[in-house]
Amino acid sequence: VSTPFDRSLVPEPLLALDHEAIAAEFGTPVFVYDEHELRRRCREYAAAFDAVAYASKAFLCTAMVRLVGDEGLLLDVATGGELHVALAAGFPPARIVMHGNNKSEEELSRALDAAVGRIVIDSFDEIDRLEALAWARGTTADVLVRITPGIEAHTHEYIETGTERSKFGFTVSEGVAEAAVERVARSDRLRLRGLHCHIGSQIYVLESYARAVDVVVALIAETGVGISELNVGGGLGARYLEEDPVLDVSKYAAVVRDAVADACHERRIRAPAVMVEPGRSIAGPAAITLYRIGTVKEIPGVGTYVAVDGGMSDNPRPVLYEAGYEAFLPARVGEERDLSATVVGKHCEQGDVVVAEALLPGPVRPGELLATPCTGAYGASMASNYNKVPRPAVVFVRDGEAREVVRRETLDDLVRLDLE
Ligand code: LLP
């Protein structure tokens with residue numbers, strides 16, 4: 001069957017762009033975000049939960065920190081580097097949530113000195129380290145304890161973090177989480193603000209959250225500690241492919257909030273505030289990547305390769321997780337698609353695939369622009385310089401106006417760290 005591209009995969013302003021003008025001004029590949037879409041998604045979350053921290057690992061730059069700040073969200077950072085970008089952009093430290101399964105002394109010190117609002121404790125070593133640092137400063141730290149609820153989230157195993165074998169958090173089995181919570185509750189340097197769990201990423205089965213909530217609330221009841229907030233992490237899936245479900249934030253919130261209310265009612269404890277940490281579902285669908293097609297190769301008996309001017313350096317997700325994407329030709333978005341092709345990048349690897357099975361209107365010609373939807377999360381943030389390909393620019397579009405918020409790397413940038 002030959003149907004046109006499903007336009008609902010892309011925010012309308014990104015379809016209406018003058019794509020050639022964007023490419024001429026900023027070059028290709030380029031990440032193009034619809035700023036209204038980013039803000040709309042932040043607001044949708046803010047309205048649905050008691051508190052929302054945007055997970056900056058999904059996509060982070062100064063402009064994004066400011067946008068998230070404007071929208072009143074909190075910010076989740078997972079390393080000293082992410083913390084630095086947030087602080088350098090002027091983000092209020094009290095609204096920062098500091099994560100990481102191996103935070104160094106420097107990272108914890110920076111977090112304490114900046115007075116970040118929440119540090120999420122991930123190990124017994126960290127409890128000792130943070131206590132000692134707080135003691136040396138004559139201060140205290142507000143913390144959450146990260147719990148591993150032992151839940152399968154039905155996603156790719158590399159991004160599933162809630163199971164017993166996860167390197168993150170304290171497992172509920174064998175009383176480990178209980179011991180950690182009690183240890184923190186006894187500390188005179190750490191103030192237990194709440195518990196945290198994160199069961200994975202790109203989750204479509206909302207029920208997984210309800211099961212995780214039940215495990216964590218049971219732990220609160222067992223330990224008898226006072227908890228004012230429960231952070232259920234991020235992970236809501238994004239729609240990459242036509243056949244992927246559209247996930248509704250208010251439904252997700254209803255599932256989580258009902259689960260918290262039910263579990264707390266059952267165990268007769270006061271329900272804590274419910275907080276989430278979405279990354280992908282805010283940033284992902286708000287951007288496309290624009291590429292320029294350079295070569296089209298038909299291999300008899302094999303198929304058609306359409307090669308673009310980026311690839312695994314701007315989107316490693318197909319290589320890492322066999323992630324699927326759609327593709328469209330912005331200039332011919334309404335045309336019937338009769339060509340099945342593999343969109344590949346320009347890297348020296350056979351696995352450098354952008355879209356394994358793209359449906360495009362044929363024939364496709366070198367020089368045309370090609371776009372992939374839903375590349376706003378874990379694209380720019382996981383970009384590399386493999387093959388010394390400069391990383392793309394990031395452009396925000398607002399009311400038809402495009403502005404570069406991260407400049408494209410230059411060839412000179414590629415040698416800027418070399419000492420000889
Ligand atoms: N909170 C914590 C503690 C996390 O570890 C993560 C993601 C999030 C929140 C945000 O999850 P999200 O809402 O974005 O799913 N590179 C992978 C995804 C790794 C996710 C890591 N943690 C990918 O490209 O699919």
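Read the numbers this way: they start at 1 and go in the same order the structure lists the ligands and their atoms.
Each of the following atoms of ligand 1 lies closer than 4.0 Å to a heavy atom of G235: 11 (O), 12 (P), 13 (O), 15 (O). Shown in contact with A55 at under 4.0 Å from a heavy atom are these atoms of ligand 1, numbered in order with element: 8 (C), 9 (C), 10 (C). Residue D76 has at least one heavy-atom neighbour below 4.0 Å for each of these atoms of ligand 1: 1 (N), 9 (C). Every atom of ligand 1 with a heavy atom of P278 under 4.0 Å away is listed here by number and element: 13 (O). Atom numbering of ligand 1 starts at 1 in the shown order; those under 4.0 Å from a heavy atom of G279 are 12 (P), 13 (O), 14 (O). Less than 4.0 angstrom separates some heavy atom of R146 from each of these atoms of ligand 1: 3 (C).
Checked by distance only, ligand 1 and G233 stay at 3.5 Å or farther apart across all their nitrogen or oxygen atoms. Considering both main-chain and side-chain atoms, H196 never comes within under 3.5 Å of ligand 1 through any nitrogen or oxygen pair. Looking at R280 next to ligand 1, an N or O pair under 3.5 Å apart turns up. When only interatomic distances are considered, the shortest N/O to N/O separation between H99 and ligand 1 does not fall below 3.5 Å.
Geometrically, R95 engages F91 in a cation-pi contact, judged by NZ or CZ lying under 6.0 Å from the ring centre and within 45° of the ring axis.
Taking a cutoff of 4.0 Å between a charged side-chain nitrogen and a carboxylate oxygen, K103 and D122 do not qualify as a salt bridge.
Between I227 and the choices V145, L219, L195, the side-chain contact (heavy atoms from CB on, under 4.5 Å) rule is met once, by L195. Partner of E71 under the salt bridge (charged side-chain N to carboxylate O under 4.0 Å, His left out) criterion, out of R40, R41, R43: R43 alone.
Of all the heavy atoms in P373 and I288, the pair that sits closest is CA-CG2, 3.9 Å. Closest non-hydrogen pair, T28 versus R292, comes out as OG1-CB, 3.5 Å.
Of the candidates Y378, F168, F59, it is Y378 that places a heavy atom closest to atom 20 (C) of ligand 1.
Considering only heavy atoms from C-beta on, V32 stays 4.5 Å or farther from H19 through its side chain.
Using a 4.0 Å cut-off between heavy atoms, H198 contacts ligand 1 through its side chain alone, with no backbone atom that close.
Under 3.5 Å, the side chains of Y204 and D244 contain a donor-acceptor pair of N or O atoms.
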